[in-house]
K.L.:
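Have a look at this one before I ask anything.
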There are 2 protein chains.
Amino acid sequence: MQDSHSGESLLFLTDEQLRQGIEAMFFAYRGFTADPDRILAGMAYGRAHHRAVHFIARAPGTTVNNLLAILGVTKQSLNRVLRTLVEDGLVEAKIGRTDKRERNLFLTDEGAALERKLSDAQRARMRRAFRDAGPEAVSGFRQVLEAMMDSDQRRRYQALREGSK
Amino acid sequence: MQDSHSGESLLFLTDEQLRQGIEAMFFAYRGFTADPDRILAGMAYGRAHHRAVHFIARAPGTTVNNLLAILGVTKQSLNRVLRTLVEDGLVEAKIGRTDKRERNLFLTDEGAALERKLSDAQRARMRRAFRDAGPEAVSGFRQVLEAMMDSDQRRRYQALREGSK
DNA sequence: TTGGAATGTCAACAAAGCTGACATAAACTG
DNA sequence: CAGTTTATGTCAGCTTTGTTGACATTCCAA
């Protein structure tokens, strides 16, 4: 399109380009959450429950404190969500073996079923987007997103990647 | 790993890859909003005000209805935000010339100053991310995000791009 | 002139974040 | 062992931002 010979490293960073990137994030994030939101709309759960269930599925046995750090919310906020999930039998909180203060979080079968339902919907959209854009684009997508994270969030993101290799 | 015989165009679309994409969106979006959020924390405004101010700056003279469609919220929700911005003298709502039912929205100098402050912070992060990732990656980033949008949101996104060429 | 569109507003409510304070049990430390 | 710190849970209250529903006003257009 426009760039690039000499200053390709600068030329594409016009305010207009950056603004488009900002708006792309905004609109894409709506799409990103739209499908799970629709599924959850009927139930007594919301986006916060989805996030909790997602990361418990991702790292079974994780502690409350770890989940807190990943989600970046207060324990009160998380606890409200977690309590309803435990009460409803979607999540099990087992007392830690080595450290009995800790609670290790697991999905029950029912919890795993919900996670799968939400995850399937979200992955379907991601799959479509990845397929439409192609492998090259996917690589760039991830590079930019990773560069956009706060460094501590990036560490957590990378830890999750490592953990599930 | 399960799939895929049919080739590289499918090979990279494992559930694990998709899941990483999902988590990248989650963590990156936190970074994306972190800087403006920090600035707004002190004031009586929030993310919703930022969004309104952003799109009014982007398309001066836009109507309430148009803004509604872009932001994807109810008029009551937007109205609450818009009212405080008008009361505080950051936004001016001019009665439409051709259709007097419409309100054409503009930023005042003060509103433009706030918009710049928020925008500068958000662009700085985007600039860093774009620079770190490189032009190729930026292109891929935008392709994937665009593919992830709902089609109506994509139309609005593209309309904004056209409008400010 | 009447119907419908665009807008504004009131009331009530819900989701999900926040702070602050306090309780309990377990682990660690001196 | 005593005292402190850590992990977790919980109560109360507040804020932001979203929602519905109802209703008023204005005014274009058939």
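Naming convention: chains lettered A, B, ... in sequence-line order (proteins, then strands); numbering from 1 in each chain.
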K.L.:
List the residues meeting side-chain hydrogen bond (donor to acceptor under 3.5 Å, both in side chains) with B/Asp152, not counting sequence neighbours, and say none if there are none.
P.N.:
none
K.L.:
What's touching nucleotides 20-30 of chain D from the protein side, N or O pairs under 3.5 Å?
P.N.:
unit_1, atom_1, unit_2, atom_2, d
D/dG21, O6, B/Gln76, NE2, 3.0

K.L.:
Kindly write out the residues that satisfy side chain to side chain contact (heavy atoms under 4.5 Å, CB included) with B/Val81, not counting sequence neighbours, or none if the list is empty.
P.N.:
B/Ala48, B/His49, B/Ala52, B/Leu85
K.L.:
Taking the side chain as C-beta and beyond, is there a heavy-atom pair between A/Gln17 and B/Arg142 under 4.5 Å?
P.N.:
yes
K.L.:
Once side-chain hydrogen bond (donor to acceptor under 3.5 Å, both in side chains) is applied, do any residues pair with A/Gln153, and if so which ones, sequence neighbours excluded?
P.N.:
none
K.L.:
For DNA chain C, which residues of residues 36-53 of chain A approach it to below 4.0 angstrom with any heavy atom?
P.N.:
A/Gly46, A/Arg47, A/Ala48, A/His49, A/Arg51
K.L.:
Once you round it to whole Å, what is the distance between C1' of D/dT17 and CG of B/Leu85?
P.N.:
14 Å
K.L.:
Consider only side-chain heavy atoms of I, L, V, M, F, W and Y, link residues closer than 4.5 Å, and tell whether B/Ile95 and B/Ile56 are in one cluster.
P.N.:
no
K.L.:
Which residue pairs pass the side chain to side chain donor-acceptor pair (under 3.5 Å) test with at least one member in residues 87-97 of chain B, sequence neighbours excluded?
P.N.:
B/Tyr45-B/Asp88
K.L.:
Taking only residues two or more places apart in sequence or in another chain, which ones pass side chain to side chain contact (heavy atoms under 4.5 Å, CB included) with B/Ala121?
P.N.:
B/Asp35, B/Ile39
K.L.:
Is the ring centre of A/Tyr29 less than 6.0 Å from the ring centre of B/Tyr29?
P.N.:
yes
K.L.:
With A/Glu136, which residues qualify under side chain to side chain contact (heavy atoms under 4.5 Å, CB included), at least two apart?
P.N.:
none
K.L.:
CG of B/Asn79 versus P of D/dT16: gap in Å, rounded?
P.N.:
17 Å
K.L.:
Please name the residue in the list B/Asp120, B/Val53, B/Leu90 that meets the side-chain contact (heavy atoms from CB on, under 4.5 Å) test with B/Glu115.
P.N.:
B/Val53
K.L.:
Does A/Arg80 reach a base, just sugar-phosphate, or nothing at all? Heavy atoms under 4.0 Å.
P.N.:
base
K.L.:
Return the value, rounded to whole Å, for the distance between atom CG of A/Leu82 and atom C1' of D/dT10.
P.N.:
13 Å
K.L.:
Taking only residues two or more places apart in sequence or in another chain, which ones pass side-chain hydrogen bond (donor to acceptor under 3.5 Å, both in side chains) with A/Asn79?
P.N.:
none
K.L.:
With sequence neighbours excluded, tell me which residues meet side chain to side chain contact (heavy atoms under 4.5 Å, CB included) with A/Thr63.
P.N.:
A/Asn65, A/Asn66, A/Glu102, A/Asn104
K.L.:
Looking at A/Asn65, does any N or O in its side chain come under 4.0 Å of the phosphate oxygens OP1/OP2 on D/dT8?
P.N.:
yes
K.L.:
Check whether any side-chain heavy atom of B/Phe27 sits under 4.5 Å from a side-chain heavy atom of A/Met148, and report yes or no.
P.N.:
no
K.L.:
Between the axis at one end of the helix from C/dT1-D/dA30 to C/dG30-D/dC1 and the axis at the other (five pairs apiece), what's the angle to 10 degrees?
P.N.:
20°
K.L.:
Specify the separation, in whole Å, of atom CG of A/Leu67 and atom P of D/dG9.
P.N.:
11 Å
K.L.:
Would you grab the first and last nucleotide of DNA chain C (5' to 3') that comes under 4.0 Å of any non-hydrogen atom in chain A?
P.N.:
C/dA16 to C/dA27
